[in-house]
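I am attaching a structure below and will ask some questions about it afterwards.
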Protein chains: 2
Amino acid sequence: MQRRPLNEHLSHLLAQANRHISRQFSAEGVSFDQWRLMMALSEEGGSTMGKLADELAINHPTLTKLVDRMVEEALVYRVPDPEDRRKVRMFLSDKGAALLEIQNSRVQLHEARVEGSFGNEDLQKLRRMLETFIKQIS
Amino acid sequence: MQRRPLNEHLSHLLAQANRHISRQFSAEGVSFDQWRLMMALSEEGGSTMGKLADELAINHPTLTKLVDRMVEEALVYRVPDPEDRRKVRMFLSDKGAALLEIQNSRVQLHEARVEGSFGNEDLQKLRRMLETFIKQIS
DNA sequence: TATACATACTTTCCGATTAAACAATTGCCA
DNA sequence: TGGCAATTGTTTAATCGGAAAGTATGTATA
(Lines give C-alpha, C1' and ligand atoms only; values in the text may rest on other atoms or scores of the structure.)
Protein backbone atom coordinates (compact mmCIF):
# COMPACT_ATOMS: atom_id res chain seq x y z
CA MET A 1 0.00 0.00 0.00
CA GLN A 2 2.54 2.60 -1.00
CA ARG A 3 4.88 2.42 1.95
CA ARG A 4 7.30 4.87 0.41
CA PRO A 5 8.18 7.51 2.98
CA LEU A 6 7.44 11.14 2.35
CA ASN A 7 11.11 12.00 2.25
CA GLU A 8 11.60 9.92 -0.85
CA HIS A 9 8.86 11.63 -2.80
CA LEU A 10 10.28 14.10 -5.26
CA SER A 11 7.24 16.30 -4.86
CA HIS A 12 7.87 16.67 -1.14
CA LEU A 13 11.53 17.46 -1.63
CA LEU A 14 10.59 20.07 -4.21
CA ALA A 15 8.07 21.61 -1.82
CA GLN A 16 10.58 21.84 1.00
CA ALA A 17 13.21 23.40 -1.20
CA ASN A 18 10.73 25.85 -2.63
CA ARG A 19 9.39 27.01 0.73
CA HIS A 20 12.85 27.69 2.07
CA ILE A 21 13.79 29.66 -0.99
CA SER A 22 10.62 31.73 -0.90
CA ARG A 23 11.24 32.60 2.73
CA GLN A 24 14.75 33.75 2.05
CA PHE A 25 13.49 36.07 -0.63
CA SER A 26 10.73 37.61 1.48
CA ALA A 27 13.25 38.16 4.24
CA GLU A 28 15.15 40.29 1.75
CA GLY A 29 12.22 42.51 0.80
CA VAL A 30 11.61 41.18 -2.71
CA SER A 31 9.22 38.30 -3.10
CA PHE A 32 10.31 35.25 -5.04
CA ASP A 33 7.67 35.83 -7.72
CA GLN A 34 8.58 39.50 -7.97
CA TRP A 35 12.16 38.51 -8.61
CA ARG A 36 11.22 35.91 -11.19
CA LEU A 37 9.00 38.41 -12.99
CA MET A 38 11.71 41.04 -13.07
CA MET A 39 14.20 38.46 -14.31
CA ALA A 40 11.85 37.39 -17.09
CA LEU A 41 11.29 40.99 -18.16
CA SER A 42 14.96 41.76 -17.95
CA GLU A 43 15.67 38.96 -20.39
CA GLU A 44 12.85 39.81 -22.74
CA GLY A 45 10.90 43.02 -22.39
CA GLY A 46 7.49 43.20 -24.00
CA SER A 47 6.21 39.78 -22.99
CA THR A 48 2.47 39.52 -22.72
CA MET A 49 0.70 38.65 -19.49
CA GLY A 50 -0.26 35.25 -20.79
CA LYS A 51 3.26 34.35 -21.79
CA LEU A 52 4.59 35.45 -18.42
CA ALA A 53 1.92 33.50 -16.60
CA ASP A 54 3.00 30.38 -18.45
CA GLU A 55 6.72 30.93 -18.04
CA LEU A 56 6.45 31.63 -14.33
CA ALA A 57 3.69 29.11 -13.65
CA ILE A 58 1.59 31.83 -12.03
CA ASN A 59 -2.21 31.92 -12.49
CA HIS A 60 -3.44 34.76 -14.67
CA PRO A 61 -5.40 36.62 -12.00
CA THR A 62 -2.56 36.23 -9.55
CA LEU A 63 -0.15 37.66 -12.08
CA THR A 64 -2.48 40.58 -12.76
CA LYS A 65 -2.44 41.47 -9.09
CA LEU A 66 1.27 40.93 -8.71
CA VAL A 67 1.78 43.31 -11.63
CA ASP A 68 -0.69 45.81 -10.12
CA ARG A 69 1.41 46.02 -6.99
CA MET A 70 4.66 46.29 -8.89
CA VAL A 71 3.23 48.99 -11.14
CA GLU A 72 2.33 50.97 -8.03
CA GLU A 73 5.94 50.71 -6.95
CA ALA A 74 6.98 51.70 -10.47
CA LEU A 75 9.07 48.56 -10.89
CA VAL A 76 7.33 47.50 -14.11
CA TYR A 77 4.89 49.07 -16.53
CA ARG A 78 2.16 48.02 -18.92
CA VAL A 79 2.00 48.93 -22.59
CA PRO A 80 -1.11 48.01 -24.58
CA ASP A 81 -0.22 46.18 -27.76
CA PRO A 82 -1.15 48.42 -30.72
CA GLU A 83 -1.77 45.50 -33.05
CA ASP A 84 -3.89 43.40 -30.73
CA ARG A 85 -5.61 45.52 -28.17
CA ARG A 86 -6.44 42.54 -26.00
CA LYS A 87 -2.78 42.12 -25.24
CA VAL A 88 -0.75 43.91 -22.62
CA ARG A 89 3.01 44.04 -22.99
CA MET A 90 5.09 44.25 -19.84
CA PHE A 91 8.38 46.06 -19.36
CA LEU A 92 10.88 46.51 -16.57
CA SER A 93 11.35 50.13 -15.47
CA ASP A 94 14.74 51.62 -14.68
CA LYS A 95 13.84 51.49 -11.03
CA GLY A 96 12.94 47.84 -11.43
CA ALA A 97 16.21 47.12 -13.21
CA ALA A 98 18.12 48.78 -10.40
CA LEU A 99 16.29 46.78 -7.75
CA LEU A 100 16.89 43.62 -9.76
CA GLU A 101 20.61 44.29 -9.76
CA ILE A 102 20.63 44.61 -5.99
CA GLN A 103 18.60 41.48 -5.52
CA ASN A 104 20.73 39.56 -7.99
CA SER A 105 23.83 40.23 -5.99
CA ARG A 106 22.11 38.68 -2.97
CA VAL A 107 20.93 35.76 -5.07
CA GLN A 108 24.43 35.22 -6.31
CA LEU A 109 25.71 34.92 -2.75
CA HIS A 110 23.16 32.30 -1.83
CA GLU A 111 23.67 30.35 -4.99
CA ALA A 112 27.42 30.35 -4.66
CA ARG A 113 27.05 28.90 -1.19
CA VAL A 114 24.49 26.30 -2.16
CA GLU A 115 25.83 25.32 -5.54
CA GLY A 116 29.29 24.99 -4.11
CA SER A 117 28.23 21.67 -2.62
CA PHE A 118 27.72 20.30 -6.10
CA GLY A 119 30.20 19.90 -8.89
CA ASN A 120 29.47 21.81 -12.07
CA GLU A 121 28.57 18.61 -13.86
CA ASP A 122 26.16 17.52 -11.16
CA LEU A 123 24.60 20.94 -11.10
CA GLN A 124 23.95 20.83 -14.82
CA LYS A 125 22.56 17.34 -14.51
CA LEU A 126 20.26 18.46 -11.71
CA ARG A 127 18.97 21.29 -13.87
CA ARG A 128 18.40 19.05 -16.84
CA MET A 129 16.53 16.54 -14.74
CA LEU A 130 14.32 19.23 -13.28
CA GLU A 131 13.58 20.53 -16.76
CA THR A 132 12.59 17.05 -17.86
CA PHE A 133 10.47 16.70 -14.75
CA ILE A 134 8.69 19.97 -15.43
CA LYS A 135 7.95 19.03 -19.03
CA GLN A 136 6.48 15.74 -17.85
CA ILE A 137 4.08 17.25 -15.34
CA SER A 138 3.02 20.35 -17.30
CA MET B 1 25.39 41.93 -13.74
CA GLN B 2 24.33 38.31 -13.32
CA ARG B 3 23.46 37.54 -16.91
CA ARG B 4 22.39 34.02 -16.12
CA PRO B 5 18.92 33.39 -17.55
CA LEU B 6 16.04 32.56 -15.27
CA ASN B 7 15.73 29.09 -16.74
CA GLU B 8 19.13 28.13 -15.41
CA HIS B 9 18.37 29.12 -11.85
CA LEU B 10 17.63 26.09 -9.72
CA SER B 11 15.23 28.11 -7.62
CA HIS B 12 13.10 28.91 -10.66
CA LEU B 13 13.05 25.33 -11.84
CA LEU B 14 12.02 24.24 -8.36
CA ALA B 15 9.25 26.83 -8.30
CA GLN B 16 7.87 25.72 -11.65
CA ALA B 17 7.91 22.07 -10.68
CA ASN B 18 6.27 22.82 -7.37
CA ARG B 19 3.45 24.92 -8.83
CA HIS B 20 2.54 22.26 -11.34
CA ILE B 21 2.46 19.58 -8.66
CA SER B 22 0.33 21.67 -6.31
CA ARG B 23 -2.17 22.25 -9.08
CA GLN B 24 -2.47 18.59 -9.87
CA PHE B 25 -3.24 17.86 -6.26
CA SER B 26 -5.90 20.55 -5.88
CA ALA B 27 -7.52 19.27 -9.04
CA GLU B 28 -7.93 15.97 -7.23
CA GLY B 29 -9.62 17.38 -4.15
CA VAL B 30 -6.80 16.92 -1.66
CA SER B 31 -4.38 19.79 -1.27
CA PHE B 32 -0.70 19.13 -1.55
CA ASP B 33 -0.10 20.15 2.08
CA GLN B 34 -3.00 18.04 3.27
CA TRP B 35 -1.46 15.05 1.56
CA ARG B 36 1.98 15.75 2.98
CA LEU B 37 0.54 16.11 6.47
CA MET B 38 -1.37 12.86 6.21
CA MET B 39 1.71 11.11 4.88
CA ALA B 40 3.80 12.40 7.75
CA LEU B 41 1.23 11.24 10.29
CA SER B 42 0.83 7.91 8.58
CA GLU B 43 4.55 7.32 8.98
CA GLU B 44 4.75 8.51 12.54
CA GLY B 45 1.63 9.25 14.53
CA GLY B 46 1.97 11.47 17.56
CA SER B 47 4.20 14.14 16.07
CA THR B 48 3.92 17.55 17.67
CA MET B 49 2.82 20.62 15.75
CA GLY B 50 6.30 22.07 15.88
CA LYS B 51 7.93 18.97 14.47
CA LEU B 52 5.38 18.78 11.68
CA ALA B 53 5.82 22.44 10.85
CA ASP B 54 9.56 21.85 10.48
CA GLU B 55 9.25 18.63 8.50
CA LEU B 56 6.73 20.07 6.09
CA ALA B 57 8.24 23.57 5.97
CA ILE B 58 4.88 25.09 6.89
CA ASN B 59 4.63 28.10 9.19
CA HIS B 60 3.21 27.34 12.60
CA PRO B 61 0.03 29.43 12.31
CA THR B 62 -0.61 28.06 8.85
CA LEU B 63 -0.27 24.53 10.15
CA THR B 64 -2.64 25.25 13.04
CA LYS B 65 -5.31 26.33 10.59
CA LEU B 66 -4.64 23.51 8.14
CA VAL B 67 -5.09 21.12 11.06
CA ASP B 68 -8.25 22.95 12.17
CA ARG B 69 -9.82 22.32 8.80
CA MET B 70 -8.72 18.71 8.69
CA VAL B 71 -10.01 18.12 12.22
CA GLU B 72 -13.40 19.44 11.10
CA GLU B 73 -13.36 16.87 8.31
CA ALA B 74 -12.29 14.25 10.88
CA LEU B 75 -9.18 13.38 8.88
CA VAL B 76 -6.79 13.97 11.79
CA TYR B 77 -7.15 14.59 15.52
CA ARG B 78 -5.30 16.34 18.33
CA VAL B 79 -4.20 14.73 21.58
CA PRO B 80 -2.69 16.94 24.30
CA ASP B 81 0.62 15.56 25.54
CA PRO B 82 0.16 14.42 29.16
CA GLU B 83 3.80 15.05 30.06
CA ASP B 84 4.18 18.49 28.54
CA ARG B 85 0.91 20.27 28.33
CA ARG B 86 2.20 22.84 25.88
CA LYS B 87 2.49 20.13 23.28
CA VAL B 88 -0.20 18.79 20.99
CA ARG B 89 0.27 15.40 19.41
CA MET B 90 -1.31 14.76 16.03
CA PHE B 91 -2.77 11.53 14.71
CA LEU B 92 -4.33 10.32 11.48
CA SER B 93 -7.91 9.10 11.85
CA ASP B 94 -9.24 6.01 10.13
CA LYS B 95 -11.10 8.25 7.74
CA GLY B 96 -7.87 10.11 7.04
CA ALA B 97 -6.01 6.87 6.47
CA ALA B 98 -8.67 5.77 4.00
CA LEU B 99 -8.51 9.04 2.11
CA LEU B 100 -4.74 8.81 2.09
CA GLU B 101 -4.92 5.40 0.46
CA ILE B 102 -7.10 6.75 -2.29
CA GLN B 103 -4.89 9.74 -2.88
CA ASN B 104 -1.76 7.59 -2.82
CA SER B 105 -3.03 5.48 -5.65
CA ARG B 106 -3.43 8.66 -7.70
CA VAL B 107 0.01 9.83 -6.66
CA GLN B 108 1.47 6.52 -7.69
CA LEU B 109 0.05 6.90 -11.17
CA HIS B 110 1.54 10.35 -11.65
CA GLU B 111 4.86 9.33 -10.24
CA ALA B 112 5.09 6.24 -12.38
CA ARG B 113 4.50 8.39 -15.43
CA VAL B 114 6.94 11.10 -14.45
CA GLU B 115 9.66 9.02 -12.88
CA GLY B 116 9.58 6.66 -15.81
CA SER B 117 11.58 9.21 -17.78
CA PHE B 118 14.48 8.75 -15.37
CA GLY B 119 16.48 5.67 -14.63
CA ASN B 120 16.39 4.41 -11.08
CA GLU B 121 19.94 5.58 -10.52
CA ASP B 122 19.26 9.05 -11.81
CA LEU B 123 16.14 9.26 -9.72
CA GLN B 124 18.03 8.43 -6.58
CA LYS B 125 20.72 10.89 -7.49
CA LEU B 126 18.12 13.59 -8.05
CA ARG B 127 16.64 12.91 -4.63
CA ARG B 128 20.00 12.98 -2.93
CA MET B 129 20.92 16.24 -4.59
CA LEU B 130 17.65 17.81 -3.56
CA GLU B 131 18.20 16.65 0.00
CA THR B 132 21.63 18.23 0.00
CA PHE B 133 20.15 21.38 -1.47
CA ILE B 134 17.50 21.55 1.25
CA LYS B 135 20.03 21.10 4.01
CA GLN B 136 22.10 23.90 2.57
CA ILE B 137 19.31 26.45 2.44
CA SER B 138 17.55 25.55 5.68
C1' DT C 1 -21.84 41.33 -42.74
C1' DA C 2 -23.80 39.31 -38.74
C1' DT C 3 -23.51 35.80 -35.49
C1' DA C 4 -21.06 32.76 -32.73
C1' DC C 5 -16.89 31.39 -30.73
C1' DA C 6 -12.07 32.15 -29.06
C1' DT C 7 -8.52 34.77 -26.81
C1' DA C 8 -6.37 38.03 -23.40
C1' DC C 9 -6.74 40.06 -19.46
C1' DT C 10 -9.20 41.86 -15.23
C1' DT C 11 -12.50 41.87 -11.44
C1' DT C 12 -14.93 39.80 -7.74
C1' DC C 13 -15.55 36.98 -3.97
C1' DC C 14 -14.01 33.95 -0.74
C1' DG C 15 -10.75 31.24 1.53
C1' DA C 16 -5.79 30.74 2.79
C1' DT C 17 -1.35 32.61 4.30
C1' DT C 18 1.59 35.58 6.86
C1' DA C 19 3.61 38.39 10.58
C1' DA C 20 2.91 39.91 15.00
C1' DA C 21 0.93 39.60 19.30
C1' DC C 22 -0.89 36.58 22.78
C1' DA C 23 -1.56 32.69 26.22
C1' DA C 24 -0.13 28.72 28.52
C1' DT C 25 3.33 25.84 30.21
C1' DT C 26 7.93 24.48 31.33
C1' DG C 27 12.86 24.99 32.67
C1' DC C 28 16.59 27.34 34.64
C1' DC C 29 19.08 29.39 38.27
C1' DA C 30 19.89 32.70 41.82
C1' DT D 1 11.20 28.45 46.14
C1' DG D 2 10.44 32.65 43.10
C1' DG D 3 10.96 34.98 39.11
C1' DC D 4 12.48 35.40 34.39
C1' DA D 5 13.32 33.49 29.96
C1' DA D 6 12.36 29.90 26.58
C1' DT D 7 9.21 26.83 24.35
C1' DT D 8 4.83 25.48 22.22
C1' DG D 9 0.89 26.44 20.13
C1' DT D 10 -3.10 29.63 18.94
C1' DT D 11 -5.36 33.98 17.67
C1' DT D 12 -5.77 38.35 15.20
C1' DA D 13 -5.49 41.70 11.51
C1' DA D 14 -4.04 42.52 7.08
C1' DT D 15 -2.52 40.82 2.72
C1' DC D 16 -2.37 37.49 -0.80
C1' DG D 17 -4.01 33.70 -3.86
C1' DG D 18 -7.26 31.00 -6.62
C1' DA D 19 -11.75 29.80 -9.07
C1' DA D 20 -15.27 31.62 -11.60
C1' DA D 21 -17.41 35.17 -13.91
C1' DG D 22 -16.96 39.47 -16.53
C1' DT D 23 -15.19 42.71 -20.25
C1' DA D 24 -13.10 43.80 -24.40
C1' DT D 25 -11.14 42.53 -28.56
C1' DG D 26 -10.19 39.46 -32.32
C1' DT D 27 -11.33 35.46 -35.62
C1' DA D 28 -14.08 32.32 -38.21
C1' DT D 29 -18.21 30.82 -40.42
C1' DA D 30 -22.43 30.93 -42.57
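Letters A, B, ... mirror the listed sequences (proteins, then strands); counts begin at 1.
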For this session: Considering just the side-chain nitrogens and oxygens of Arg85(B), establish if one lies under 4.0 Å of OP1 or OP2 belonging to dT8(D).
Result: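 It does not, given that no N or O in the side chain of Arg85(B) lies less than 4.0 Å from OP1 or OP2 of dT8(D).
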Problem set entry | Nearest-angstrom distance from the residue atom CD1 of Ile58(A) to P of dA19(D) |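 For the pair Ile58(A) CD1 and dA19(D) P, the rounded distance is 14 Å.
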Problem set entry | Criterion side chain to side chain donor-acceptor pair (under 3.5 Å) on Arg4(A) and Asn104(B), from CA distance to verdict | CA-CA 10 Å; Arg4(A) 189 138 63 98; Asn104(B) 272 342; over 6 Å; no
For this session: Quick one: label Ser26(B) by what it contacts on the DNA or RNA (base, sugar-phosphate, nothing), any heavy atom closer than 4.0 Å.
Result: nothing
Seminar exercise, completed: The side chain to side chain contact (heavy atoms under 4.5 Å, CB included) partner of Ile58(B) among Leu52(B), Leu66(B), Leu37(B) is Leu66(B)
Seminar exercise, completed: Between Asp33(B) and Arg86(B), the residue closer to the 5' end of DNA chain C by nearest nucleotide is Asp33(B)
Seminar exercise, completed: Of Arg23(A) and Lys87(A), the one whose nearest nucleotide on DNA chain C sits closer to the 5' end is Lys87(A)
Exercise. Taking the side chain of Thr62(A) as its heavy atoms from C-beta onward, which of dT17(C), dG18(D), dA20(C) lies nearest to it?
Worked result: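 My answer, after comparing the listed nucleotides, is dG18(D).
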Exercise. Which listed nucleotide (dT17(C), dC13(C), dT10(D)) is nearest to the side chain of Met49(B)?
Worked result: dT10(D)
Problem set entry | Donor on one side chain, acceptor on other, Arg19(A) and Asn18(B), under 3.5 Å | no
Exercise. Closest approach of Arg78(B) and Thr64(B), non-hydrogen atoms and distance?
Worked result: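 The answer is NH2-O, 3.4 Å.
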Problem set entry | Below 4.0 Å: OP1/OP2 of dA8(C) and any side-chain N or O of Thr48(A) |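 For Thr48(A), the contact criterion (side-chain N or O under 4.0 Å from OP1 or OP2 of dA8(C)) is not met.
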For this session: Quickly work out the His60(A) NE2 to dT11(C) P distance and round it to whole Å.
Result: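 In whole Å, dT11(C) P and His60(A) NE2 are 15 Å from each other.
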For this session: Can you tell me the distance, in whole Å, between the CG atom of Asp68(A) and the P atom of dT11(C)?
Result: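 Nearest whole value for this atom pair: 7 Å.
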For this session: Output the single nucleotide from dA20(D), dT11(D), dG18(D) whose closest atom is nearest the side chain of Asn59(A).
Result: dG18(D)
Exercise. Could you give the NZ-to-C1' distance, from Lys51(A) to dC9(C), as a whole number of Å?
Worked result: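 My rounded result for the distance is 17 Å.
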Exercise. Which of the following nucleotides, dT25(C), dA16(C), dA13(D), is nearest to the side chain of Arg69(B)?
Worked result: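 Closest nucleotide among those given: dA16(C).
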Exercise. What integer distance in Å separates Glu28(A):CD from dA19(C):P?
Worked result: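 One finds 14 Å between P of dA19(C) and CD of Glu28(A), rounded.
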Problem set entry | Value in whole Å for how far the C1' atom of dT26(C) lies from CD of Glu83(B) | 13 Å
Exercise. Within this structure, what is the CD-to-P distance between Gln34(A) and dT15(D), rounded to whole angstrom?
Worked result: 15 Å
Problem set entry | Options dT11(C), dG26(D), dA13(D), nucleotide nearest the side-chain atoms of Lys65(B) | dA13(D)
For this session: Can you figure out which of dT11(C), dT10(D), dA19(C) approaches the side chain of Thr64(A) most closely?
Result: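 Selected nucleotide (nearest to the side chain): dT11(C).
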For this session: For Arg78(B), answer base if it contacts any base atom (sugar-phosphate contacts may also be present), sugar-phosphate if it contacts only those atoms, and nothing otherwise; contact means non-hydrogen atoms under 4.0 Å.
Result: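 Sugar-phosphate only.
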Problem set entry | Atom-to-atom span, CD of Glu72(A) to P of dC16(D) - whole angstrom |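 Interatomic distance, CD of Glu72(A) to P of dC16(D): 10 Å.
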Problem set entry | Steps toward side chain to side chain donor-acceptor pair (under 3.5 Å) verdict (Gln124(A), Arg127(A)) | CA-CA 5 Å; Gln124(A) 218 174 340; Arg127(A) 280 198 285 261; 5.7 Å; no
